[in-house]
Amino acid sequence: MLRRPERAARPKGKDRSRVRLVLLGAGFAAAYATVGGRMAVLASSEPEEPEETGGLEAPILSTRADITDREGRILATNLATDALYAQPEEMTDPAHSAHELAAIFPDLEEDRLLHDFTSGRKFLWIRRQISPEQVQAVHDIGDPGLLFGPREMRLYPNGPVAAHILGGASYGREGVDSAEVIGVAGVERYFDERLRDPARQDEPLALSIDLTVQATMEEVLQGGMTMMNAKGATGILMNVHTGEILAMASLPDFDPNQRPPVATSGDQSDSPLFNRAIQGVYELGSVFKIFAVSQALDLGLVNPSTMIDTAGPLNWGRFHINDFHNYGAQNSVTEVIVKSSNIGTAHIALMIGAERQQQFLRSLGLLEPTHVEMTEARTGRPLTPKQWSEISLMTISYGHGVSTSPLHLAAAYSTIANGGLTVTPTLVRQDDHVPGPRVMSERAADEAVEMLRQVVSRGTATFADVPGYEVAGKTGTADKPRPTGGYYSDKVIATFAGMFPASDPQYVLVVSLDEPVETSGTEPRRTAGWTAVPVAAELIRRAAPLLGLRPEVEVASGDGVGPSAN
């Protein structure tokens, strides 16, 4: 009687087991189906890069592509080095270590180090980067609490050459085993994302500059500053067709391997970090006169022989426009440029009118910041009058009342030199170039170039007549404005803007000196013809052969033929 219930229970236990097996099999089948379906979806979808999880920090990327000149010569590269840090809890003799570190690194204070080592801190950076010799010296201390982390530092093998163009780099996010190298100025900052792209780390950024020409420009400008007693200088050499900048310098400069801190007081334009070529905006004086004449030629208002009133002074209300010398009652348009007559240029500007003048200067790029590939470029915004009145029209025609950078000037002169096509300055090597829009006729541009050639051959820039290279150009001497208003009587910005060879211009050169004084004579001379022009001539003499230009041979008077330069 006791066995019957047991027999009755057995079928129910078997049923439960079967149910469990069925459910387990169904679960496995569903799991396999889910995995298979997901694999099918992934197989049929387009591959994508995984997105960064919001709560996770992006990895530190320490790689950075090289920067080269147009010929592939290294301007900026990376160097493997080490960082030095301390874990004070692991140190065996903090006092001895502090003493030895202060001897290895003279800028560190022994007392400060000892305080940091004994103040309960668990981690302490000592130096962000050290040399191999310093690594060995620290090793010799023998303290297990002094440790090293691998680093890549940015190295500029040419020192201060092209310092303002390159800008410099520093460390961003840091870890014990790696650190970001980020651009802080110049092309390093402008192209920071491209230079840090791991997919392009083996693809150097090729700039437009030529290292040999750049070094030559800086050497000549430094000598010119010394000889002319100037406080600063800038130079730009540009291809008139492509806008490629072959050399651009600003002095005083700095070494990007040891970039100085930003000035917190005083005049920022006196800092070696200040780039006079693109950040400095100045009234550049008579170099602007060719713009008024070019526009008048293009509009058909004048031709090179048209006679212009140059009797002075030219009065407008309480303002009086005078010339440096008395040039007589009338002069041709060509003579207005050759003699550099303010009065004659103002009369030509009155023919043009303020609205058309403003439109033309804007088409030359003189009224907006340049688009050159440097973050500093946007700070070089030209200064223009709030109201473009008739007196503004006249003074702007000879370079007063509007302030632009030397790079603006180089681009505008390139437009005249290449026959009237606008030029966009660039610091990147151009393998393919698309010409800019035309803003003046080729005839007007050619006539303007011929006038500039006569300025050099018999006008205010005769010191720029380098034998064999047929230089054309214009001088400009502008009084510096006082911060409190008005102008200094003994401080000027002296500028020469030229092109060569004049018969087929290939390059534009702008040289500008800040507060130069030439003192070889009995009286101090500040005008550009005596200061900026000789410096520009020496630069052309030395740079032209580096650019592949051979001096032309001129036919001598008489029976023979003689070379114009050796």
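A quick note: this is a predicted structure, and the numbers were derived from the prediction, not measured.
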Pair Leu84-Leu101, side-chain contact (heavy atoms from CB on, under 4.5 Å): steps then yes or no: CA-CA 11 Å; Leu84 174 61; Leu101 287 172; 4.0 Å; yes
Heavy atoms only: give me the nearest [X]-[Y] pair and the separation to one decimal.
{"X": "Pro260", "Y": "Pro272", "value": "CG-CG, 4.5 Å"}
{"X": "Ala502", "Y": "Pro505", "value": "O-CD, 3.5 Å"}
{"X": "Lys474", "Y": "Val287", "value": "O-CG1, 3.4 Å"}
{"X": "Gly183", "Y": "Asp192", "value": "N-OD1, 2.9 Å"}
{"X": "Ala233", "Y": "Arg276", "value": "O-CD, 3.8 Å"}
{"X": "Val184", "Y": "Ala169", "value": "CG2-N, 3.9 Å"}

If you measure from [atom1] on [X] to [atom2] on [Y], what distance do you get to the nearest 0.5 Å?
{"X": "His408", "Y": "Ile236", "atom1": "NE2", "atom2": "CD1", "answer": "10.5 Å"}
{"X": "Met499", "Y": "Leu452", "atom1": "CE", "atom2": "CG", "answer": "5.0 Å"}
{"X": "Phe496", "Y": "Ser512", "atom1": "CZ", "atom2": "OG", "answer": "12.5 Å"}
{"X": "Ile540", "Y": "Leu509", "atom1": "CD1", "atom2": "CG", "answer": "5.0 Å"}
{"X": "Thr415", "Y": "Leu421", "atom1": "OG1", "atom2": "CG", "answer": "7.5 Å"}
{"X": "Glu152", "Y": "Tyr171", "atom1": "CD", "atom2": "OH", "answer": "8.5 Å"}

Should [X] and [Y] count as an ion pair when the cut-off is N to O under 4.0 Å?
{"X": "Arg112", "Y": "Glu109", "answer": "no"}
{"X": "Glu368", "Y": "Arg381", "answer": "yes"}
{"X": "Lys231", "Y": "Asp270", "answer": "yes"}
{"X": "Arg70", "Y": "Glu244", "answer": "yes"}

Checking Arg73 now: which residues fulfil side chain to side chain contact (heavy atoms under 4.5 Å, CB included) with it, not counting sequence neighbours? Asp69, Glu71, Asp210, Leu211, Thr212
Using a 4.5 Å cut-off on heavy atoms from C-beta on, say whether the side chain of [Y] contacts that of [X].
{"X": "Leu75", "Y": "Thr68", "value": "no"}
{"X": "Val402", "Y": "Glu283", "value": "no"}
{"X": "Arg259", "Y": "Phe254", "value": "yes"}
{"X": "Met238", "Y": "Val423", "value": "yes"}
{"X": "Thr404", "Y": "Val281", "value": "no"}
{"X": "Asp143", "Y": "His96", "value": "no"}
{"X": "Arg127", "Y": "Val138", "value": "no"}
{"X": "His164", "Y": "Phe274", "value": "no"}

Side chain of [X], backbone of [Y]: donor and acceptor closer than 3.5 Å?
{"X": "Gln129", "Y": "Ala83", "result": "no"}
{"X": "Asn257", "Y": "Tyr156", "result": "yes"}
{"X": "Asp253", "Y": "Asp255", "result": "no"}
{"X": "Gln430", "Y": "Val428", "result": "yes"}
{"X": "Asn158", "Y": "Ile74", "result": "yes"}
{"X": "Ser208", "Y": "Thr426", "result": "yes"}
{"X": "Glu188", "Y": "Ile182", "result": "no"}
{"X": "Asp82", "Y": "Arg151", "result": "no"}
{"X": "Arg362", "Y": "Leu367", "result": "no"}
{"X": "Ser119", "Y": "Asp116", "result": "yes"}

Consider only side-chain N and O atoms of Gln201 and Asp197, and report whether a donor and an acceptor are under 3.5 Å apart. no
Cut-off 3.5 Å, side chains only: do Glu470 and Ser503 have a donor facing an acceptor? yes
Without placing hydrogens or testing angles, list every side-chain donor-acceptor pair under 3.5 Å for residues 431-441, not counting sequence neighbours.
| unit_1 | atom_1 | unit_2 | atom_2 | d |
| --- | --- | --- | --- | --- |
| Asp431 | OD1 | Arg429 | NE | 3.4 |
| His433 | NE2 | His241 | O | 2.6 |
| Arg438 | NH1 | Gly419 | O | 2.6 |
| Arg438 | NH1 | Met440 | O | 3.1 |
| Ser441 | OG | Asp298 | OD1 | 3.2 |
| Ser441 | OG | Ala444 | N | 3.1 |

Using the side-chain contact (heavy atoms from CB on, under 4.5 Å) rule, take Ile126 and Leu108 through it: C-alpha gap first, then chi angles, then the decisive distance, then the call. CA-CA 9 Å; Ile126 299 176; Leu108 300 181; 3.7 Å; yes
Using side chain to side chain contact (heavy atoms under 4.5 Å, CB included) as the criterion, point out the one residue from [options] that pairs with [X].
{"X": "Tyr190", "options": "Glu373, Glu376, Met374", "result": "Glu373"}
{"X": "Pro406", "options": "Thr495, Thr234, Val511", "result": "Thr234"}
{"X": "Leu237", "options": "Leu539, Leu547, Ile245", "result": "Leu547"}

Determine, stepwise, if the pair Phe291 / Tyr413 fulfils ring-ring contact (aromatic ring centres under 6.0 Å, His included). CA-CA 9 Å; Phe291 302 141; Tyr413 264 66; 5.6 Å; yes
May I have the step-by-step check of side-chain hydrogen bond (donor to acceptor under 3.5 Å, both in side chains) for Tyr85 and Glu174, ending in yes or no? CA-CA 12 Å; Tyr85 64 96; Glu174 290 187 84; over 6 Å; no
What verdict does the side-chain hydrogen bond (donor to acceptor under 3.5 Å, both in side chains) test give for Gln222 and Glu218, after you've listed the backbone C-alpha separation in whole Å, the side-chain angles of each residue and the deciding distance to 0.1 Å? CA-CA 6 Å; Gln222 187 62 59; Glu218 294 182 18; over 6 Å; no
What's the verdict on side-chain contact (heavy atoms from CB on, under 4.5 Å) for Ile165 and Gln214, showing C-alpha distance, side-chain angles and the deciding distance? CA-CA 11 Å; Ile165 294 174; Gln214 178 73 29; 3.9 Å; yes
side-chain contact (heavy atoms from CB on, under 4.5 Å) between Thr422 and Leu364, worked out: CA-CA 6 Å; Thr422 56; Leu364 292 175; 5.7 Å; no
